[in-house]
Amino acid sequence: MQSIFINPARSRGTISKNIFGHFSEHLGRCIYQGLFVGKDSPIPNVNGMRADVVQALKKIGVPVLRWPGGCFADEYHWEDGIGPQEGRKRMVNTHWGGVVEDNSFGTHEFLELCNQLGCEPYINANVGSGTIREMAEWVEYLNSAGDSTVVKKRWANGRKDPWGVKFWGVGNESWGCGGNMRPEYYADEFRRYQTYCRNYGDNKLYRIACGPNVDDYNWTEVLMKNAGRFMDALTLHYYTLCGDTWDHKGSATGFTTADYYKTLVRAARMEELVTRHSQIMDRYDPEHRVGLIVDEWGAWYDVEPGTNPGFLYQQNTMRDAMVAAITLNVFMAHCDRVVMANLAQTVNVLQSVILTEGDKMVLTPTYHVFDLYRAHQGGRQLDCFVQSDEVGEGDWHMPQVIASASEKNGVTTLTVANLSDREEAAFAVHGLNLAGARGRILHGAFDAYNDFASAPLSVQPFTGIEGSTLRLPACSVVEITVG
Ligand code: AHR
């Protein structure tokens, strides 16, 4: 029989809650309409933030939110987004859809959103088209309590106390939309910019350097060699495509089972990427002082027909639920190096957890995976070995079942996914007594999705625990808790 072996005596350490983080950019309808509608909107809101969306995000325990980009970050000038709304600068979002950005969502609004969500802010600042002074003054505006002109501006804008923002990104994709830099040049820029990002009071900035695109191992090598000692973390970006080119990424819905397995196998490549970038980091940082942050990940398909190509709006199916389960498993298995990850992007953009249309909201299958994995946040990772058959089609094969386990406050959580599009999986669990175990499940057809007319996919009680065996329906993600 296929088996899952849990060994509580072996652990890679604590699973950072920030591995379950999210990303929200000024892109399409992520911020505007998705998270923020403004105080005067007929859509119910609290200080401009959509009440339904905030409530749903709180339920999955969003630990950290990255903002304002993405590529937008290196075109963003923070002073355009503070002060009275009517005086805020209007610009054209040249990167994303050519629409007018009125800067009505700025620093104060972002931090209000984080406050409502109860999450940590992660601000990604502008290196590509910004100045060192601009970045330094943003940190001062956010974190200083001193009696300076910059701080007085914050007071005048209604905020007396510093926010104490900790997670600080110095540029985004500096190898591409963030300035097309070479790694040697960016390493020097990072050293220079971060020098002037001061720590104020007790708040110690966590300095995040722009890391590699996918498998650019040379970028990691050069950054770690030349700037490793100045950074707290290095980022990695990897998106899962189904199609073979950026012009043909594949459709988010209406795909074949071959496309399904191809996408999952590509998502599983995260294991190789994290392993190989970590190996390079290990050579320069054997103590694991520098974290790896995968601050953009997820499935990227062709936009929904009829939508603005620059808005990156796509549907989200059970295939995406599996992409999320596969990827989160990789991060948890590498929790001794991966300290944060941010799914792209929270609402209405790429692999969203939430879709909105006017005042309507839909929770995607990916949302439900984050719900099922929530208990792993801050848990002690437990060694988990799966002996599984393979599933797949054509050139695309992988293990049928994947699993992760952790322990927190005397409760053990096991999450298991059956990736098969058609076959049930019966698994014997070793090393965890399932007597008294409780379970929850998300399952559906491999191409099923929730939309505004009908939302058939949701988390349900799981009834497939039979003694020490788990009976998992095809295409399912299950959470088991014991204790
Ligand atoms: O998430 C969409 C875009 O993908 C981001 O703006 C950019 O950083 C990446 O290329």
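Values below: all heavy atoms of this structure, side chains included; hydrogens, waters and symmetry mates excluded. Every value quoted in this text rests on a predicted model; they were computed, and no experiment measured them.
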Q | Flag side-chain contact, heavy atom, 4.5 Å: Ile19 against Ile15 | A | yes
Q) Is there a donor-acceptor contact under 3.5 Å linking the side chains of Gln345 and Glu25? A) yes
Q: Quick one: sort the Phe110 and Phe105 rings into parallel, tilted or perpendicular, breaks at 30° and 60°.
A: perpendicular
Q) Just by distance, do the side chain of Asn450 and the backbone of Leu457 share a donor-acceptor pair under 3.5 Å? A) yes
(Q) Check this for me: Gln55, atom CD, are more than 12 non-hydrogen atoms of other residues, nucleotides or ligands nearer than 6.0 Å? (A) no
Q. Side chains of Thr253 and Gln315: is there a donor and an acceptor less than 3.5 Å apart?
A. no
Q.
Over 60° means perpendicular and under 30° means parallel, so tell me whether Tyr32 and His26 are parallel, tilted or perpendicular.
A. perpendicular
Q) Using the ring of each side chain (for Trp, its six-membered ring), is Tyr239 parallel, tilted or perpendicular to His237, with breaks at 30° and 60°? A) perpendicular
Q. Does any N or O in the side chain of Ser352 come within less than 3.5 Å of the main-chain N or O of Leu355, such that one atom is a donor and the other an acceptor?
A. no
(Q) Quick check with a 6.0 Å cut-off and a 45 degree axis cone: is Arg276 positioned over the face of Tyr217's six-membered ring? (A) yes
Q) Is the Lys NZ or Arg CZ of Arg29 less than 6.0 Å from the centre of Tyr313's six-membered ring, within 45° of the axis? A) yes
(Q) Ignoring hydrogens and geometry beyond distance, is a side-chain donor-acceptor pair present between His376 and Thr415 at under 3.5 Å? (A) yes
Q. Taking side chain as C-beta onward, heavy atoms only, is Trp300 less than 4.5 Å from Gln351?
A. no
Q | Between Asp282 and His288: side-chain donor-acceptor atoms closer than 3.5 Å | A | yes
(Q) Is it the case that the side chains of Asn172 and Arg66 hold a donor-acceptor pair, with the cut-off being a distance below 3.5 Å and no angle test? (A) yes
**Q.** Side-chain H-bond candidate by donor/acceptor type, Asp320 with Tyr301, under 3.5 Å
**A.** yes
